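What follows is a short report on a single structure.
Computed from a prediction, not measured in an experiment: that's the story for all the values here. In what follows, chains carry the letters A, B, and so on, assigned in the order in which the sequence lines appear, proteins first and then strands, with residues in each chain numbered from 1.
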Number of protein chains: 2
Amino acid sequence: MGSYLPSENDFSEQFNTTRTTVRRALEELIREGYIVKEHGKGSKVLERSKFLGLLTVKGFYESSDFKVRTVVTKEPKITQWDPIIEFPLTEEERNSECVYFQRVRYIHKNAVVLENNWYSLHALEPIKSEEFVEGSFFKTLSQEYLIEITGSEQEFRAVRALEEVAKNLGIAVGDPILQICIRFRTSRSGLNLYGNLYCNTADYPIRNSYFL
Amino acid sequence: MGSYLPSENDFSEQFNTTRTTVRRALEELIREGYIVKEHGKGSKVLERSKFLGLLTVKGFYESSDFKVRTVVTKEPKITQWDPIIEFPLTEEERNSECVYFQRVRYIHKNAVVLENNWYSLHALEPIKSEEFVEGSFFKTLSQEYLIEITGSEQEFRAVRALEEVAKNLGIAVGDPILQICIRFRTSRSGLNLYGNLYCNTADYPIRNSYFL
DNA sequence: AAGTGGTCTAGACCACGCG
DNA sequence: GCGTGGTCTAGACCACTTT
């Protein structure tokens with residue numbers, strides 16, 4: 001913590017690769033908030049504030065201070081698209097049914113995020129939650145289907161919690177809540193994952209970082 | 001709109017540069033939400049939804065449908081650091097005074113964002129708002145001081161609007177509001193810019209995108 | 001087969017920080 | 001001066017899409 005990583009040249013020698021490739025790897029660490037680069041000095045390892053909840057494009061990840069536990073509250077089932085999705089669907093998606101499921105993310109004993117997810121049936125079969133690798137949908141996609149997340153678009157809004165959200169997150173109806181609408185793009189052509197997240201940011205704000 | 005850009009090879013020929021460099025430029029367009037890449041097909045130009053407010057690491061930018069107008073509501077002045085800043089200051093920053101100013105961002109006639117900004121006096125002199133190039137603080141840094149934004153970290157929270165925020169944004173006290181705490185890192189060593197933004201997302205959600 | 005983006009190697013030069 | 005990260009050239013090979 002507060003110390004510096006080996007230099008890019010050191011890494012490229014050590015792993016028999018080029019600086020370009022090392023830099024690509026470091027960019028990932030930067031985006032996830034683990035390091036910052038300092039021109040002329042090196043890559044500094046950051047202290048992780050213990051009250052921070054974190055979001056990456058691939059979902060949530062754990063800081064060293066807490067683990068995110070996920071509970072599936074609605075099993076994946078085939079249904080119609082929900083107009084709450086903020087992104088325009090492709091024609092193939094509109095003409096297909098979709099798979100919908102719902103999860104709640106916990107930190108310690110606290111429900112922090114209620115997450116709705118959809119994807120188009122034309123691009124990917126339904127996956128039961130029992131089949132989730134280590135309980136993770138994204139890990140399942142990666143390991144069982146060789147599908148990777150290639151990017152995402154997110155819309156942030158502050159809204160008042162409605163009944164369902166309030167109940168799941170243990171807050172009052174009308175409390176301010178952070179709504180994040182996400183479209184994940186994937187390495188499988190035609191497959192997008194849509195998410196609608198309600199985050200109780202009172203204790204765990206959502207963090208994003210960006211470099212270059 | 002909906003059409004494709006010339007290929008990366010075309011661009012690299014046309015501008016006498018390499019594909020690597022072209023790809024870096026395209027990454028910028030991706031992050032700002034102008035294009036998406038489709039493997040094997042090309043770089044697709046996106047339609048811009050007209051109700052979208054957008055945020056990049058460099059501040060706000062305009063979609064084709066509206067311009068963001070900025071009004072300085074509190075002139076830059078030298079003061080003490082405000083504990084509302086969510087990020088740990090460096091020792092040099094803590095030991096220095098800071099420059100603080102406040103702006104309101106308008107879209108059409110609507111006040112949409114109230115923005116507080118701070119930076120450390122030890123790293124940059126005070127800049128009067130009359131000196132802002134085209135009214136923009138970031139443009140001033142870039143053009144007059146050769147300081148570029150190299151990255152940022154953002155924390156998102158949904159909160160209730162307090163008096164000052166409500167008054168400036170024309171909403172009621174207690175209404176849900178999106179608070180974004182930002183630290184911008186810059187190419188000038190030791191200079192960070194801190195921001196505390198209150199966004200009325202009712203009509204203009206904040207958008208982010210990410211690739212690779 | 002041809003064209004696209006995705007990834008990688010190899011190497012150069014520059015700007016910044018520090019002793 | 002030297003080591004660091006920042007940027008760029010030049011070129012290779014692969015995976016995906018379309019014809």
Side-chain angles (χ1 to χ4, degrees), chain A residues 2-31 34-46 57 90-92 122-124 142 145-152 185-192 210-212, chain B residues 2-31 34-46 57 90-92 122-124 142 145-152 185-192 210-212:
Chain A
S3 57
Y4 288 85
L5 290 183
S7 75
E8 297 177 353
N9 282 316
D10 288 349
F11 274 130
S12 57
E13 266 189 45
Q14 187 178 340
F15 296 108
N16 284 308
T17 181
T18 56
R19 255 188 79 205
T20 311
T21 306
V22 170
R23 286 175 62 79
R24 269 189 63 86
L26 293 180
E27 283 170 22
E28 186 91 1
L29 296 178
I30 292 169
R31 277 193 299 268
Y34 290 110
I35 62 171
V36 286
K37 291 192 176 183
E38 294 174 358
H39 194 178
K41 298 174 76 175
S43 296
K44 183 157 69 176
V45 179
L46 292 178
V57 288
T90 64
E91 188 166 342
E92 284 148 329
H122 89 278
L124 179 65
S142 172
Y145 295 86
L146 304 177
I147 296 171
E148 301 296 335
I149 304 299
T150 56
S152 85
R185 301 191 185 258
T186 73
S187 55
R188 175 174 291 192
S189 172
L191 176 63
N192 296 310
Y210 164 84
F211 267 75
L212 294 198
Chain B
S3 56
Y4 288 84
L5 290 183
S7 75
E8 296 178 352
N9 283 315
D10 287 351
F11 273 130
S12 58
E13 267 190 43
Q14 188 178 338
F15 295 108
N16 284 307
T17 183
T18 57
R19 254 189 80 204
T20 310
T21 306
V22 170
R23 286 176 63 80
R24 270 190 62 86
L26 293 180
E27 281 169 23
E28 185 91 2
L29 296 178
I30 291 168
R31 276 194 299 268
Y34 289 110
I35 62 172
V36 286
K37 291 191 176 184
E38 294 174 357
H39 194 177
K41 298 173 78 175
S43 296
K44 185 156 71 172
V45 179
L46 292 177
V57 286
T90 65
E91 187 166 341
E92 284 149 330
H122 89 277
L124 179 66
S142 172
Y145 295 86
L146 305 178
I147 296 171
E148 302 296 334
I149 304 299
T150 56
S152 86
R185 300 190 185 259
T186 72
S187 56
R188 174 174 292 192
S189 172
L191 176 62
N192 296 309
Y210 165 84
F211 267 74
L212 292 198

Self-check item: Residue pair T150(A) / S187(A): nearest heavy atoms and the distance that separates them
Solution: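 What the structure gives for the nearest pair is CG2-N, 3.7 Å.
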
Quiz prompt | Closest contact, heavy atoms only, E148(A) versus S142(A) | solution =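 Scanning both residues completely, I find the closest heavy atoms to be OE2-OG, 2.9 Å.
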
Tabulate protein N/O versus nucleotide N/O from nucleotides 15-19 of chain C, keeping only pairs under 3.5 Å, one per line.
| unit_1 | atom_1 | unit_2 | atom_2 | d |
| --- | --- | --- | --- | --- |
| dA15(C) | N3 | H39(A) | NE2 | 3.0 |
| dG17(C) | OP1 | S189(B) | OG | 2.8 |

Quiz item: Taking only side-chain nitrogens and oxygens of R23(A), does any of them come within less than 4.0 Å of OP1 or OP2 of dG6(D)?
Solution: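 Looking at the OP1 and OP2 atoms of dG6(D), one of them is under 4.0 Å from a side-chain N or O of R23(A).
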
Exercise. Using a cut-off of strictly less than 4.0 Å, decide whether T21(B) has a side-chain nitrogen or oxygen near OP1 or OP2 of dT9(D).
Key: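 It does, given that an N or O in the side chain of T21(B) lies less than 4.0 Å from OP1 or OP2 of dT9(D).
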
Quiz prompt | R24(B) with E27(B): basic N within carboxylate O range, under 4.0 Å | solution =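 Result for this pair is no, no salt bridge flagged.
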
[atom2] on [Y] to [atom1] on [X], rounded to 0.5 Å:
X      : Y      : atom1 : atom2 : value
R31(B) : L26(B) : CZ    : CG    : 11.0 Å
E28(B) : I35(B) : CD    : CD1   : 10.5 Å
R23(A) : S12(A) : CZ    : OG    : 11.5 Å
T21(B) : E8(B)  : OG1   : CD    : 11.0 Å

Exercise. Using a cut-off of strictly less than 4.0 Å between a heavy atom of the residue and any atom of DNA chain C, enumerate the qualifying residues of residues 9-19 of chain A by number.
Key: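 Output list: T17(A), T18(A), R19(A).
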
[X] [atom1] - [N] [atom2] separation (whole Å):
X       : N       : atom1 : atom2 : answer
E8(B)   : dT9(D)  : CD    : P     : 14 Å
K44(B)  : dG3(C)  : NZ    : P     : 22 Å
L191(A) : dC16(D) : CG    : C1'   : 15 Å
R185(A) : dC16(D) : CZ    : C1'   : 17 Å

Quiz item: How would you label the contact of T20(B) with the nucleic acid (heavy atoms, under 4.0 Å): base, sugar-phosphate, or nothing?
Solution: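 Base contact - T20(B) has a heavy atom under 4.0 Å of at least one base atom.
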
Quiz item: How would you list, by chain and number, every residue that makes a side chain to side chain donor-acceptor pair (under 3.5 Å) with H39(B), sequence neighbours excluded?
Solution: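 For H39(B), no residue satisfies side chain to side chain donor-acceptor pair (under 3.5 Å) once neighbours in sequence are set aside.
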
Self-check item: Non-hydrogen side-chain atoms of I147(A) and L124(A) separated by less than 4.5 Å
Solution: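 When only atoms from C-beta onward are counted, L124(A) and I147(A) do touch, with a gap below 4.5 Å.
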
Practice problem: Could you pick out which residue, G42(A) or V22(B), lies toward the 5' side of DNA chain D when each is mapped onto its nearest nucleotide? | Solution: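 By nearest-heavy-atom nucleotide position, the 5'-most residue is G42(A).
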
Quiz item: Taking the side chain of R24(B) as heavy atoms from C-beta outward, which of dT4(D), dT7(D), dG5(C) is closest to it?
Solution: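 Ranking dT4(D), dT7(D), dG5(C) by closest atom to the R24(B) side chain puts dT7(D) first.
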
